[in-house]
Every structure is written in C-alpha cells, then in structure tokens.
Amino acid sequence: MRITALAGGVGGARFLRGLLHHARQTAAAAEGRGAADHLELTVIGNTGDDITLFGLRVCPDIDTLLYTLGGGIHEGQGWGRADETHHLAEELAALGAEPQWFTLGDKDFATHVYRSQLLGQGMPLSAVVERLSARWGLGELGVRLLPMTDTPVETHVVVDDGGDQRAIHFQEWWVRHRAALPAERFVVAGLDRATPAPGVLDAIREADLVVLPPSNPVVSIGIILGVPGVRDALRGTRAPVVGVSPLVGGRPVRGHADVCLRTIGVEESSAGVAGLYSDFLDGWLVDEDDAMPDRRGLEVVRRPLLMSSVEAAADMAGATVDLGMRLRAARATA
Ligand code: GDP
Ligand code: CA
C-alpha cells in the first residue's frame, strides 16, 4: 500500500513512527496468512521552518522526521538528538556568537554542517535529504522523505512589538518568544514562487491513501498546502485524504497551534482545522471528547488522540488507515 503523508515536525514524526509500527504489526500478522502487503510511505516535509544559523542551513521539521523515524530522536524533547553534548554551542556562546536562543547539540550540528556543505556544492535540498535519509536507514523502513520544495521558503511572522510592527523569522517567534509576541499575520517568503520538489505531486496523485498527521495546520501543513500545485493535486487525487486533528479538547497537545489559528482568524477547534482542508478532506479523526458537527462528504471517526506512547500513536495510525481503506472500498463500489 502506498501512503503519502504531509508532515511538520514533532506531531507529524510521532504519528508516522506510529504508522510504521502499525504497518509492521499488520505485516507480521498477514505473513502468517501468506498475504503480506508492505507499506511504501512517502513523507512530504515542511521546509517553511528552515533557517540559516551560524552560516549553516537548519531544517528543523525534516530533521525531526529523520531522527524520529531513524531512531535517534531525543524522546523527552521530541526534537534534537538523543545523548547529545553541547560543546560547540558553549564555545559559540563564549565567543558571543548570535543567536543564543536556538539550541543545537553537537551531533545535530554535524547534520547542518553536512547539509550546508552539499547545498554549497549546488546539490538541491531533495538530494541532500536523500543522503541524510540513507544515514538514518529510512529506505530499509520503506520510507521516502521529500522536502516540499527545493526552493528556499521561510515563514516569517509580522509581530506587534509595543506598537512597532516588524517581521521576524518564525523560529524567533516560536522558540525565542514562545509565540507570546502578538502576531498580526504570517508572511511566507518564497512560497508563491516555489515549485514542488521532484516526486511530490506524483506521490499525492499515485497514492492509495493520503494522510494528514496531527501537524500544525497553519505553520506546518498550511505551508505545504501553499506550494503551488500541492492543493490541486490533493483535490484531484483518486486516493482518499484522511486527517488527524492536532487539537484535543479544543487545545493543541503541544506548541501554540491555537495562537496560529487565531492569527489567521480560524476557530480553535477540530471543526475549525477541518475547515482549512474542506476542499479535499474525506475522513477526519477527532478526539473522543471533541465536538465535531456533521459535514457533508466528511466521514468523522472518534478516537483517543493522545500519542502518549509509540503504541498509542500506532493505534491512531491504524484507525486512520482503516478509515482510509473503508473510504476506498466505498468509492470502488459507488
Ligand atoms: P512541529 O513542527 O514540531 O511543531 O510539529 P508538527 O507541526 O508536526 O506538530 C505540531 C502539532 O502536533 C501541534 O499542533 C500539537 O497539538 C500536535 N500534537 C502533538 N502531540 C500530539 C498528540 O499526542 N495528539 C494529537 N492529536 N496531536 C498532537
Ligand atoms: Ca515545525
């Protein structure tokens, strides 16, 4: 089965790790019956969070996907490497190098050095991500990770800093200010001129199922949807599109998706998020306790949506795949 997913960082990566876990369990059970159907997963990662720090290109969402799926993630943080040291950052701080609000560990730095070296030689980001994916063994897991675009795209936030309006990088707003500086709007530099990376549109068109993990609907999935051609591909694909709400009890499980939704004038609820995808969404998983009014053409399934463990994420992913398969079967007989 070919599944294509659009993903941001932590929420997307944890869900997709659950999907791989679920697929392994199902494949093991099916092998016993001689009927294995292996998962081929294509992940389209958000690059709007990308930033240049100390002269190095950093791709936070892509790296969170690599480290989580490849088994090198710092579990407690949800980002960065496990068993990290910070000698480089300490020395940079001693030198007075800026910025000091973005934490980068030594092993993580190696990723950024290598990526910047290859980009500097003229290699497109998608080819760089392929190299990094090999390091993390994604191919052996049946995973192909694609950046949404090879063109540099950066999400910026126009903030009101005591009556003074200015645009700052999304990471500065999110990490340094913890989304507490009042945001007027998001401006995504380079997005309208971006072209989808090789394979992105085909992966959506040729999938058996398209999945939207519980990633941030505004600054993760919303950015990918803004790459010219992606939204049309989602509207046109034969595959059902099934999404998972990032809100539980009307609040984000982590991060500040509620602030992001408010900034773009969308209700902070699972219904509000589904509304952002209404032109292509077929199935929607919401938490058991969340209100979700009926919507024509949208099949809603209620499930506990807390990814408290890999197994819990695998259950959510299993329910997502089941819903997708049900929608596919219904279409085949329609
Ligand atoms: P980021 O780029 O690291 O911010 O990660 P994503 O954009 O992929 O995901 C962030 C979103 O994941 C947030 O809006 C969270 O509410 C959501 N999220 C994180 N953990 C969970 C969880 O356990 N369950 C659900 N339903 N959503 C979650
Ligand atoms: Ca992100």
Side-chain angles (χ1 to χ4, degrees), residues 1-31 36-46 61-73 75 78-79 129 133 136-146 148 199-200 203-204 206-217 220-221 224 234 237 239-246 248 253-254 277 281-287 299 301 303-328:
M1 181 172 30
R2 286 165 303 182
I3 297 184
T4 296
L6 273 48
V10 181
R14 285 189 172 160
F15 177 84
L16 293 172
R17 182 173 58 178
L19 177 60
L20 294 180
H21 190 77
H22 167 77
R24 269 195 301 275
Q25 287 173 326
T26 330
E31 228 145 69
D37 173 19
H38 287 288
L39 170 65
E40 290 170 40
L41 175 63
T42 301
V43 182
I44 302 170
N46 172 42
D61 286 358
I62 294 284
D63 293 346
T64 296
L65 288 161
L66 287 166
Y67 300 159
T68 305
L69 300 181
I73 198 76
E75 282 300 334
W79 49 270
V129 170
S133 297
W136 289 103
L138 296 200
E140 290 85 84
L141 298 172
V143 179
R144 186 169 60 128
L145 175 60
L146 308 174
M148 63 184 198
V200 163
I204 295 171
E206 292 164 10
D208 298 314
L209 170 63
V210 178
V211 169
L212 305 184
S215 283
N216 188 307
S220 292
I221 295 193
I224 305 174
L234 286 163
T237 183
V241 182
V242 177
V244 181
S245 176
V248 170
V253 178
R254 56 182 286 158
Y277 309 142
L281 191 69
D282 303 301
W284 189 229
L285 266 77
V286 299
D287 192 68
E299 186 86 16
V301 164
R303 276 272 160 167
L305 289 192
L306 264 190
M307 297 188 281
S308 44
S309 63
V310 175
E311 288 73 23
D315 280 348
M316 276 165 62
T320 308
V321 173
D322 288 348
L323 174 55
M325 291 305 103
R326 205 145 46 74
L327 291 167
R328 262 176 79 79

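The residues of the chain are indexed from 1 along the displayed sequence.
The distance from atom CD1 of Ile44 to atom CZ of Arg144, rounded to the nearest 0.5 Å, is 8.5 Å. The distance from atom CG of Leu327 to atom CG of Leu323, rounded to the nearest 0.5 Å, is 4.5 Å. To the nearest 0.5 angstrom, Ser220 atom OG is 11.5 Å from Leu212 atom CG. Here CE of Met325 is found 4.5 Å from CE of Met1. Values are rounded to the nearest 0.5 Å. The line from CD1 of Ile62 to CG of Leu145 is 4.5 Å long, rounded to the nearest 0.5 Å.
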Under 3.5 Å, which donor-acceptor pairs do the side chains of residues 64-73 form with other protein atoms, sequence neighbours left out?
residue, atom, partner, partner atom, Å
Thr64, OG1, Pro60, O, 2.9
Tyr67, OH, Asp108, OD1, 2.6
Tyr67, OH, Thr111, OG1, 2.8
Thr68, OG1, Thr64, O, 2.6

Side-chain atoms of residues 308-321: list all donor-acceptor pairs with protein atoms under 3.5 Å, sequence neighbours left out, distances to 0.1 Å.
residue, atom, partner, partner atom, Å
Ser309, OG, Glu311, N, 3.4
Ser309, OG, Ala312, N, 3.0
Thr320, OG1, Met316, O, 2.7

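Looking at residues two or more places apart in sequence or on another chain, you find a salt bridge (Lys or Arg N to Asp or Glu O under 4.0 Å) between Arg328 and Asp208. Looking at residues two or more places apart in sequence or on another chain, you find a salt bridge (Lys or Arg N to Asp or Glu O under 4.0 Å) between Glu75 and Arg17. Partners of Arg24 under the salt bridge (Lys or Arg N to Asp or Glu O under 4.0 Å) rule, at least two apart in sequence or in another chain, do not exist in this structure.
In terms of heavy-atom proximity, Val286 sits nearest to Leu305 at C-CD1, 3.5 Å. Shortest non-hydrogen contact noted between Thr42 and Ala203 is CG2-CB, 3.7 Å. Across every non-hydrogen atom of Leu209 and Ala239, the tightest pair is N-CB, 3.7 Å. For Ala207 against Thr4, the heavy-atom pair with the smallest separation is CB-OG1, 3.6 Å.
Listed for the Ser215 side chain is no donor-acceptor partner under 3.5 Å among the backbone atoms of Ile221. Counting only distance, with no hydrogens or angles, the side chain of Asn46 and the backbone of Ile224 share no donor-acceptor pair below 3.5 Å.
Within the 4.5 Å cutoff, side-chain heavy atoms of Leu19 are placed close to those of Leu39. The shortest distance between side-chain heavy atoms of Leu16 and Val143 does not fall below 4.5 Å. When side chains are defined from C-beta on, Met307 counts as touching Pro214, because their heavy atoms get closer than 4.5 Å.
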*Kindly determine whether Phe15 and Val211 satisfy side-chain contact (heavy atoms from CB on, under 4.5 Å), including the steps that lead there.*
CA-CA 10 Å; Phe15 177 84; Val211 169; 3.6 Å; yes
*Step by step, would you call Val241 with Tyr277 a side-chain contact (heavy atoms from CB on, under 4.5 Å)?*
CA-CA 10 Å; Val241 182; Tyr277 309 142; over 6 Å; no
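Note on residues 62-71: pairs passing salt bridge (charged side-chain N to carboxylate O under 4.0 Å, His left out), not counting sequence neighbours, are Asp63-Arg115.
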